[in-house]
Amino acid sequence: MSSTQRIQQPRRYLMCRPEHFAVSSEINPWMNRGRQPDRARALAQWQALHDTYLRLGHEVELIDPVPGLDDMVYTANAGLVIDGIALGARFAVAERRGEEPHFLDWCAAHGFDVVEPVATQEGEGDLMLVGDTILAGHGFRSVRASHDEVARVFGREVVSLRLVNPTYYHLDTALCVLDEETIAYLPAAFDQPSQDELAVRFPDAIRLPTPAPDALVVNATSDGRHVIIPPDTGHFEAELRERGYLPVPVDVSELHLGGGGIKCCTLELRGGRS
Ligand code: ARG
């Protein structure tokens, strides 16, 4: 056990109840129409995640689920919100385009400055803020050209990272942000130049072997002290403890049937209140 005392930062999250969650398409390798989720179980697991955030003292906002939008529970993909500016997503997959206006309307109604995107990009699924820098994935969903738009909208450095393994099709399935300067990631999910970039920028990162393909191990959220992770991550949990973080296991395995986990169900709302 490390003697490092990690400091918790208050978070404000946006979540969406999986009331209409279903697997009616196969837009990522995790999805199989022959394996439909048990909706009651999905709702209970989602509720446990929601209640965990509240128990840790975070705020959770809710966006209303819309019938027919199976994947709306994965709010991380809806956009990126920093400094009160909400850049919406432009989904690569037609099945999710219908979510776009709901998120923009919600943000406008809650006092955020809304920016409609031009280039294809799937929000925090592929865009992750670490300190002042935005790590940006491309290769499967978001296009490289969206990274310039993101840099312009937020006036921040954007580091492009290329994903190469279709099982880890969004950046947040391969990398998680632990605090302002630390990440955990699966190096094998990235091409070599991106691996080199991450190694130089994050010498103290937790590097994990590519896990069994049914485990969304690093699809986790952190408040700088508590790290919400799936149960049974073994090595990852041990590494977190060793560095002074407090792992909090929450099981959202029913949501894995759609190809998303803890982080995918969680969009961070930064700024927007004076
Ligand atoms: N079925 C969804 C899709 O393929 C899952 C999204 C998971 N979200 C995430 N942030 N990785 O778009």
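This one's a predicted model, so the numbers in the text were calculated from it and none came from an experiment. First listed ligand is number 1; within each ligand, the first listed atom is number 1.
Counting heavy-atom neighbours within 6.0 Å of E180 CD, excluding the residue itself, gives a total of 12 or less.
Here the straight-line distance linking atom CG of L240 with atom CD1 of I229 works out to 5.5 Å at 0.5 Å rounding.
Annotation for ligand 1: atoms under 4.0 Å from non-hydrogen atoms of M31 are 1 (N). Every atom of ligand 1 is numbered from 1 in the order shown, and the set under 4.0 Å from a heavy atom of G125 is 10 (N). Near N28, meaning under 4.0 Å from one of its heavy atoms, ligand 1 places the atoms 1 (N), 2 (C), 3 (C), 4 (O), 5 (C). Atoms of ligand 1 lying under 4.0 Å from any heavy atom of D71, numbered from 1 in the order shown and given with element: 1 (N), 2 (C), 3 (C). Counting atoms of ligand 1 from 1 in the listed order, those under 4.0 Å from a heavy atom of I27 are 3 (C), 4 (O), 12 (O). Contact atoms of ligand 1 toward N77: 6 (C), 7 (C), 8 (N), 9 (C), 10 (N) (distance under 4.0 Å to a heavy atom of the residue).
When side chains are defined from C-beta on, F190 does not count as touching E197, because their heavy atoms never get closer than 4.5 Å. Taking 4.5 Å as the limit, every side-chain heavy atom of Y53 sits out of range of all side-chain heavy atoms of R11.
What sits closest to atom 10 (N) of ligand 1 on the protein, heavy atoms only, is D172 OD2, 2.7 Å. When only non-hydrogen protein atoms are considered, atom 1 (N) of ligand 1 lies nearest to G258 O, 2.7 Å. Regarding atom 9 (C) of ligand 1, its nearest protein heavy-atom neighbour is C264 SG, 2.7 Å. Protein heavy atom closest to atom 12 (O) of ligand 1, with residue, atom name and distance, is R96 NH1, 2.8 Å.
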Which is it for T221 and Y13 under the side-chain contact (heavy atoms from CB on, under 4.5 Å) test, yes or no, and what are the steps along the way? CA-CA 11 Å; T221 54; Y13 292 133; 4.2 Å; yes
Apply side chain to side chain donor-acceptor pair (under 3.5 Å) to residues Y245 and R225 and explain how you reach the verdict. CA-CA 5 Å; Y245 297 100; R225 179 168 163 79; over 6 Å; no
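Inclusion of H170 in the set of residues having an N or O under 3.5 Å from an N or O of ligand 1 is warranted.
With ring centers used as reference points, H50 lies under 6.0 Å from W46.
Ligand 1 has R141 within reach: a non-hydrogen atom of the residue lies less than 4.0 Å from it.
Neither the backbone nor the side chain of K263 has a heavy atom within less than 4.0 Å of ligand 1. By the criterion of a heavy-atom distance under 4.0 Å, neither the backbone nor the side chain of F91 is placed next to ligand 1.
Each of T173, D172, L208 was checked for a side-chain contact (heavy atoms from CB on, under 4.5 Å) with V218, and the lone residue meeting it is L208.
The closest side-chain donor-acceptor pair between H170 and E122 falls under 3.5 angstrom.
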